Amino acid sequence: MTLRLFDSATRSVGDFAPRVPGKVGIYLCGATVQSAPHIGHMRAAVAFDVLRRWLQRGGTEVTMIRNVTDVGDTIFAKAEAAGVPWWEWALRNERLFTAGYDAVGNLPPAYEPRATGHIPEMLVLIAQLVEGGHAYERDGSVYFDVRSFPAYGSLTNQALEDLAPAEDSPEAAKRDARDFALWKAAKADDPAGATWGSPWGPGRPGWHIECSAMARRYLGESFDIHGGGLDLRFPHHENEQAQSRAAGDGFARLWMHSAWVTQGGAKMSKSLGNTLLVDAVLAEHSAAALRLALVGVHYRSMLEYGDATMDDAEATWARLSGFVTRAGESVGQPEARAVASATLPEAFVEAMDDDLAVPRALAIIHEAVTEGNAALASGDAEAAAAALLAVRAMLDVLGLDPEAEPWRSATGGAPLDALDALVRAEIDARAAARAAKDWATADAIRDRLAAAGITLEDGQEGVRWTLAGER
RNA sequence: GGUGGAGUGGCCGAGUGGCUAGGCAGCGGCCUGCAAAGCCGUCUACACGGGUUCGAAUCCCGUCUCCACCUCCA
């Protein structure tokens with residue numbers, strides 16, 4: 001079975017065939033760095049990180065480009081409100097996004113182009129559109145002529161006459177109210193440093209042109225997959241496609257959109273006052289659990305975030321990572337190379353190939369964990385080792401191998417050794433009390449450790465202890 | 001008004017015509033001095049009304065409810 005993906009443009013699932021066998025270019029719309037990232041931003045990033053990992057697992061070479069939009073009205077407005085230059089505000093948030101992406105275990109993209117670094121590429125593209133009769137200049141601004149491009153609206157299946165006017169520019173200046181700005185003439189109230197020269201006079205780029213220009217630069221005139229959040233389909237992606245194709249580029253062959261994080265059924269957004277910032281969530285929960293929560297719902301389904309979401313994810317992570325740790329202690333951890341090349345269970349492969357059906361894939365992982373735990377309990381080392389390898393290999397595809405770099409215990413070394421010595425002394429004292437059937441003393445020791453966040457587990461091979469939030 | 005999506009057990013969440021999704025929570029059992037972890041078993045479903053079919057959560061018709069996009073959005 002080959003990988004099948006849902007194409008937003010055709011609204012159907014089909015076999016995925018790269019333009020060049022073995023190589024895939026992905027352009028992912030990243031953040032408009034106007035504010036700190038929330039978990040909805042992370043969800044989109046994680047969804048496409050899983051796509052990338054799955055492609056790479058199949059031997060495909062992936063070039064992942066994730067842009068940063070670092071210029072625009074919302075950035076100007078928020079920077080002014082914060083009393084800092086817009087470029088400082090943008091970079092400050094870009095750093096927060098990068099920290100968030102890293103925290104939840106995303107592989108870094110091949111490149112992260114910034115809009116402000118690609119004005120020349122945009123000007124070339126705009127000039128092409130003007131020359132080709134798809135764009136026109138008015139008062140120092142340049143607009144895309146939607147009526148010049150019959151396929152306009154095809155990505156989102158909308159008829160031109162049903163669309164509302166584009167409000168990113170004055171209606172009176174345009175041939176059609178739905179024409180949108182490629183280049184915005186400088187205005188008196190534009191912030192300092194937000195103006196660039198152009199053949200049409202000083203100004204700054206419109207919102208959509210950057211992605212067309214940067215995708216072309218890094219992935220070529222035609223590339224495999226364009227991704228982003230569902231809310232970018234219109235107008236952003238519709239306009240990107242119109243610009244690029246009107247300029248002669250093949251542009252994206254497949255469009256993928258990830259769905260929201262919702263609360264009470266409604267899209268998470270600032271206007272509703274229910275934004276969940278990444279920092280706030282990570283202050284109370286582990287990053288691995290957050291990734292698990294984000295990845296555990298199919299990427300095209302709404303992810304309902306409630307009170308129990310993170311608690312469930314923590315419990316699930318404890319089950320998965322706990323098995324990996326205990327199995328490793330019992331039969332030894334396989335090497336990373338073995339994990340990367342392990343044969344994956346057929347049902348897991350089928351689920352992932354079916355438009356990245358991660359929830360089904362997770363069910364397969366849970367079944368393997370159950371088998372592995374049973375093998376550990378019965379002392380079947382061979383079966384336990386096989387389950388351990390399979391579980392780690394499957395989790396690795398989701399970016400959740402507990403032994404992989406992002407999730408390995410941050411604590412270690414001397415402090416952990418010192419703590420271990422102290423805890424071992426308590427464990428020994430408890431063992432002595434238990435030997436004397438002094439249950440009150442034994443339980444008091446266990447309770448004292450529990451109060452300090454240390455859990456004891458009496459196993460066949462001795463007493464294990466774990467720190468809260470660790471394994 | 002246009003376009004698109006959704007309604008599954010206490011909760012989250014898979015599933016496109018017959019075969020146990022899975023997890024969390026609950027209940028019973030095994031293990032344990034008691035726990036914890038783990039294992040085994042088990043309860044609670046397909047928004048509503050019709051229809052097609054031997055058989056429908058799944059297909060068709062209708063109804064209700066909810067959500068998103070329609071130029072800030074992931």
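A note on names: the letters A, B, ... follow the listed sequences, proteins ahead of strands, and every chain is numbered from 1. All values reported here derive from a predicted model rather than from experimental measurement.
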Query raised in the report: Does C19(B) pair with anything, Watson-Crick or G-U wobble, both distances under 3.5 Å, and if so, with which nucleotide?
Result: none
Report task. Would you please determine if the base of G33(B) is stacked by W439(A), with stacking meaning a centroid separation under 5.5 angstrom and planes under 30 degrees? Result -> yes
Requested in this report: Take T316(A) and R430(A), find for each the nucleotide of RNA chain B with the closest heavy atom, and name the residue whose nucleotide sits nearer the 5' end.
Outcome: T316(A)
Report task. For nucleotides C40(B) and G23(B), find the distance between their P atoms and express it as a whole number of Å. Result -> 9 Å
Report task. Quick one: do H237(A) and H208(A) satisfy side-chain hydrogen bond (donor to acceptor under 3.5 Å, both in side chains)? Show the steps, please. Result -> CA-CA 8 Å; H237(A) 288 163; H208(A) 319 291; over 6 Å; no
Report task. Scan L232(A) against the nucleic acid and name what it touches under 4.0 Å (heavy atoms): base, sugar-phosphate only, or nothing. Result -> sugar-phosphate
Query raised in the report: Are R245(A) and F149(A) in a cation-pi contact, defined as NZ or CZ under 6.0 Å from the six-membered ring centre and within 45° of the axis?
Result: no
Query raised in the report: If you pin N373(A) and A308(A) to their nearest nucleotides in RNA chain B, which one's is more 5'?
Result: A308(A)
Query raised in the report: Just to confirm, is there a sub-4.0 Å distance from OP1 or OP2 of C67(B) to any side-chain nitrogen or oxygen of T262(A)?
Result: no
Query raised in the report: When you compare U63(B) with A74(B), how far apart are their C1' atoms, in angstrom units rounded to a whole number?
Result: 35 Å
Report task. For D311(A), report the nucleic acid contact type (base, sugar-phosphate, nothing); a contact means any heavy atom under 4.0 Å. Result -> nothing
Query raised in the report: Base, sugar-phosphate, or nothing: which does E304(A) touch, judged by heavy atoms less than 4.0 Å apart?
Result: sugar-phosphate
Query - Pair partner, G41(B) [Watson-Crick or wobble, under 3.5 Å] - result: C27(B)
Query raised in the report: Is U63(B) paired to anything, Watson-Crick or G-U wobble with both distances less than 3.5 Å, and if yes, which nucleotide?
Result: A47(B)
**Report entry** U53(B) - base-pair partner by Watson-Crick or wobble geometry, distances under 3.5 Å
**Finding:** none
**Report entry** Rounded P spacing from A14(B) to A6(B) in Å
**Finding:** 11 Å
**Report entry** No-H, no-angle donor-acceptor pair, R464(A) side chain to A37(B) base, under 3.5 Å
**Finding:** no
Query raised in the report: Given that both distances must come in under 3.5 Å, which nucleotide forms a Watson-Crick or G-U wobble pair with C69(B)?
Result: G2(B)
Query raised in the report: Are the aromatic ring centres of F180(A) and H236(A) under 6.0 angstrom apart?
Result: no
**Report entry** Pair assignment for A14(B), Watson-Crick or G-U wobble, requiring both distances under 3.5 Å
**Finding:** none
Query raised in the report: C69(B) phosphate, OP1 or OP2: any side-chain N/O from K267(A) under 4.0 angstrom?
Result: yes
Query raised in the report: With respect to the phosphate group of A74(B), does any side-chain polar atom (N or O) of H41(A) fall under 4.0 Å of OP1 or OP2?
Result: yes
Query raised in the report: Checking only heavy atoms, does the side chain of D458(A) share a donor-acceptor pair with the base of A35(B) at less than 3.5 Å?
Result: yes
Query raised in the report: OP1, OP2 of C39(B) versus side-chain N and O of T370(A): anything below 4.0 Å?
Result: yes
Query raised in the report: So, is N239(A) near the phosphate of U71(B), with a side-chain N or O under 4.0 Å from OP1 or OP2?
Result: no
Report task. Check whether the side chain of D443(A) and the base of G33(B) form a donor-acceptor pair under 3.5 Å. Result -> yes
